**Q** 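This structure is in structure tokens; I'll ask about it shortly.
Remember, it's 1-based here, ligands and their atoms both numbered in the order they're listed. Bear in mind the structure is a predicted one, so any value in this text is a computation, not a measurement.
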Amino acid sequence: MMYADLILPVPLRGLFTYAVPEGMAVQVGCRVVVPFGRGTTYVGIVMRMHDVKPEGYTVKPIRQVMDAAPVVTATQLRLWQWIADYYMSPIGDVYKAALPAGLKAEDGYRPKTETYIRLTEQYRNVTALHVALNVLARAKNQLAAFTEYLALSHWDEIPDIRTEDIAEVTKEELMNASGASAETLRQLEKRKMLETYEVEVGRLNHGGEYRPELIKPLTPPQQDAYNQILMAMMKKNVTLLHGVTGSGKTEIYIHLIKRALERKEQVLYLMPEIALTVQMMQRLQRVFGDRLGIYHSKYSDAERVEIWQKQLSGHPYDVILGARSAVFLPFQHLGLVIVDEEHETSYKQQDPAPRYHARSVAIMLAAPSNLPQLGGAKVLLGTATPSMESYHNAKTGKYALVELRERYQGIQLPEIQVVDTADLQRRKMMAGPFSPLLLARVRETLERGEQAILFQNRRGFAPVVECHQCGWVPTCQHCDVSLTYHRQLNQLTCHYCGFTYRVPTECPCCGGTDLRTRGYGTEKIEEQVRELFPEARIARMDLDTTRTRNAYERIISDFGAGRTNILIGTQMISKGLDFDRVSVVGILNADTMLNQPDFRAYEHAFMMMSQVAGRAGRKNRRGLVILQTKQKELAVIRQVVNNDYAALYSDMAAERQLFHYPPFYHLVYVFLKHRQDAVVHTAAIELGSRLRQWFGGRVLGPDKPAVAMVKQQNIRKLVLKLEHGIDMRRVREYLLQAQGQQLADKRYSSLQIYFDVDPL
Ligand code: ADP
Ligand code: ZN
Ligand code: ZN
């Protein structure tokens, strides 16, 4: 009798053994359907085959095999196992994260379509549009929806508009933007003004040939860096390219990809989700044509299934451009992995498990031990602001380091002027969140027909609402945080659990009616900028304005084409946007970033500010950044001004070494969650002393995290600081054992304990 050990999509540790019925052809890496528990069936992945009969329970048979050939390769299974071990999460969770949903379902997948809206043929000219607007003059809702459509699609720019500038508009987007009901749109369809059409979601690759002749020749400094990278790759598995913003790192990647293709190697090009803009994709697609596949979470599952299967087939994509989850795709002859913007914290998956870092997984994916037949693949990490971890590895010789200090065409890095807002506030010279200098520079910029970016790292209208009489602040009923006021939606929102509340008209504590907002979110900034610069065209980019994929792309392309003058946004605007008309960038409040209660606060503040600052700069004039802060004396401010990463690194390194933080020590956070605070409180103390028996002074806590309750779960956190060289395998064994012992206690039956390894 043969048995198969399966990975099942359940959050339990270990594999599950099933019997292979006589005559059933089962292979490692194939999907099988099996019964589990009472009446449930799951699609599992075969991890191992053997003939050892399990003892102590009746083994159930596999019900059905779904594949004739493996859908998960041996290399992938090895990687899954590594992730499960290293991040201490059940392999079933890795399986859930890795495989597109369509491959996990018993009944396969169906292509999904999206509804778009456009003008009917007969209205696609000025005269007809005027007629339409006249006809609609008395149907207010329809008129509003119709004009909104014209604005979104750019038909309102007639007569200058060229057909290629007409933007496609989804029905969902139009309804969101105009507030129109489905009925209103139906009436417009009945009038034969608008019509709908269906597009299959994620038909991405519009083909095109591989056109290496379109690759731009490298400049001498770029060529030099390119050569250094090739040299470095002969000696090291991982190379860090530290190149200032706009130095042409992407052009260097393109040359490296071309070289890999010539050597018949596959390339994985990872980017943070948010930097994967249409601009970026087009830049690569233009050159690599149908040899490029794109893989990220905004695409439909059907598309992802298709790419997965193509990667297993005889004609896989040679280049995959993708976000975090692309590390899970199958590759047949991977030669190069590029991790762009390697410092980006969004490479780390926070929730749910596995809490993996895509940079670490990518390095592991490429490791010789994971790709023994190929001898490993090379990894290139690229960024203008390296993470402390990667820079440390480069400094200590684990990685190679290549630096590129010049921007393309010698465009200067922006000048950064620091504005002391504490002083200006004392002298009552601030206009809300704006200093006089910032307003003057924005005004000049607009007069010259150039563009400005205003960066505020908080969305919503105001982070706090407060009763002016007694100081009461509305908080979330499910989480331990105050609620953010969103004016457009006229509601209070919890940014932790997403719950929304009506805005109270009076204070429940004292009955007072003078409720005031405190602080500035992007929405309020936008409102004030509109008042200050009524003639300017303004756009805002944050989580609230980019709910749909199209909205996000539209804001970027409108700004890129000069259709908007001022772009206000959260850190979203700092990612990979390449604009050449931005002459001023305002960082409105550096203090919200600097004052985070986190040992990485300065590192992250430096990255964010340097990245946004990097958006400023034009072909023939130096860009300007106005950095507003109340703490202008801080070294990190000076380091941002001088773009002095080395100084930041050495300051931070001294501190981290002293206080036992990464990159000098490993961190593991242990989280405990329970509905009752008293239960989680005792459990955490007990677990703490259990861990101290083994780890001694390496254990800190338990503590309440800054937000100590989320979604009704009370949270405690223990911190482990582990020196390099400690046997991590033993550490993980101890931790899992302690977790098991704790959970075996009847009092803790509904307690959750989980680990965050290398937390961010
Ligand atoms: P980075 O990725 O380092 O921020 P990019 O590769 O995006 O920089 O380059 C910034 C801009 O300069 C882009 O518009 C890019 O097309 C242009 N550029 C960079 N290098 C070259 C080159 N060798 N030839 C032509 N254009 C270049
Ligand atoms: Zn009150
Ligand atoms: Zn909440």
Side-chain angles (χ1 to χ4, degrees), residues 214-226 241-258 269 271-272 275 277 279-280 282-284 286-287 338-343 380-386 402-411 413 465-484 491-501 504-516 560 574-582 610-619 707-715:
L214 293 181
I215 297 179
K216 296 166 183 155
L218 295 177
T219 63
Q222 290 170 349
Q223 185 65 44
D224 191 37
Y226 174 86
L241 171 61
H242 178 203
V244 296
T245 50
S247 56
K249 294 186 288 299
T250 314
E251 298 300 331
I252 294 178
Y253 303 150
I254 291 173
H255 281 257
L256 288 167
I257 297 171
K258 169 171 176 274
Y269 184 160
M271 292 191 89
T277 56
Q279 281 178 331
M280 191 64 209
Q282 283 170 348
R283 200 165 152 191
L284 293 176
R286 214 170 67 92
V287 175
I338 295 165
V339 184
D340 195 10
E341 312 281 1
E342 67 88 26
H343 64 279
L380 180 66
L381 311 177
T383 176
T385 53
V402 175
E403 310 234 24
L404 186 56
R405 296 168 198 280
E406 274 176 52
R407 277 183 156 186
Y408 174 63
Q409 285 189 331
I411 296 173
L413 281 167
V465 177
E466 194 178 47
C467 170
H468 193 58
Q469 209 158 304
C470 74
W472 171 80
V473 167
T475 52
C476 181
Q477 284 166 17
H478 312 282
C479 313
D480 189 13
V481 288
S482 56
L483 298 169
T484 303
Q491 63 192 15
L492 297 168
T493 308
C494 172
H495 285 185
Y496 279 78
C497 70
F499 220 82
T500 58
Y501 300 81
T505 46
E506 62 178 51
C507 170
C509 277
C510 72
T513 51
D514 188 3
L515 298 173
R516 299 185 185 181
S574 69
K575 301 294 177 297
L577 307 184
D578 180 19
F579 305 122
D580 60 4
R581 267 174 280 210
V582 180
S610 307
Q611 296 283 351
V612 219
R615 304 306 128 208
R618 301 163 32 77
K619 291 259 144 63
V707 177
M709 181 176 77
V710 173
K711 297 183 191 168
Q712 306 255 311
Q713 295 283 337
N714 290 283
I715 310 169

**Q** Ignoring hydrogens, what is the shortest heavy-atom contact between R407 and L413? Give both atom names and the distance.
**A** NE-CD2, 3.4 Å
**Q** Report the angle formed at the Zn ion (ligand 2) by atom SG of C510 and atom SG of C507, rounding to the nearest 10°.
**A** 110°
**Q** Answer with side chain, backbone, both or neither: which part of P217 has a heavy atom less than 4.0 angstrom from an atom of ligand 1?
**A** backbone
**Q** What's the separation between atom CG in L214 and atom CZ in R286, rounded to the nearest 0.5 Å?
**A** 5.0 Å
**Q** Can you tell me if an N/O/S atom from C470 lies under 2.8 Å from the Zn ion (ligand 2)?
**A** yes
**Q** Close to the Zn ion (ligand 3), meaning under 2.8 Å, how many protein N, O or S atoms are there?
**A** 4
**Q** Check whether any heavy atom of G243 sits under 4.0 Å from an atom of ligand 1.
**A** no
**Q** Considering the options T250, L381, I252, I257, which one meets the side-chain contact (heavy atoms from CB on, under 4.5 Å) requirement together with I338?
**A** I257
**Q** Closest approach of Y226 and L218, non-hydrogen atoms and distance?
**A** CB-CD1, 3.8 Å
**Q** How does V244 reach ligand 1, if at all, at less than 4.0 Å between non-hydrogen atoms: by side chain, backbone, both, or neither?
**A** backbone
**Q** Run down the list E251, Q409, R283 and name the one with the heavy atom closest to atom 5 (P) of ligand 1.
**A** R283
**Q** Specify the closest pair of heavy atoms between T513 and E506, including all atoms of both residues, with the distance to one decimal.
**A** CG2-CB, 3.9 Å
**Q** What are the two closest heavy atoms between H478 and Y501, and how far apart are they?
**A** CD2-OH, 3.6 Å
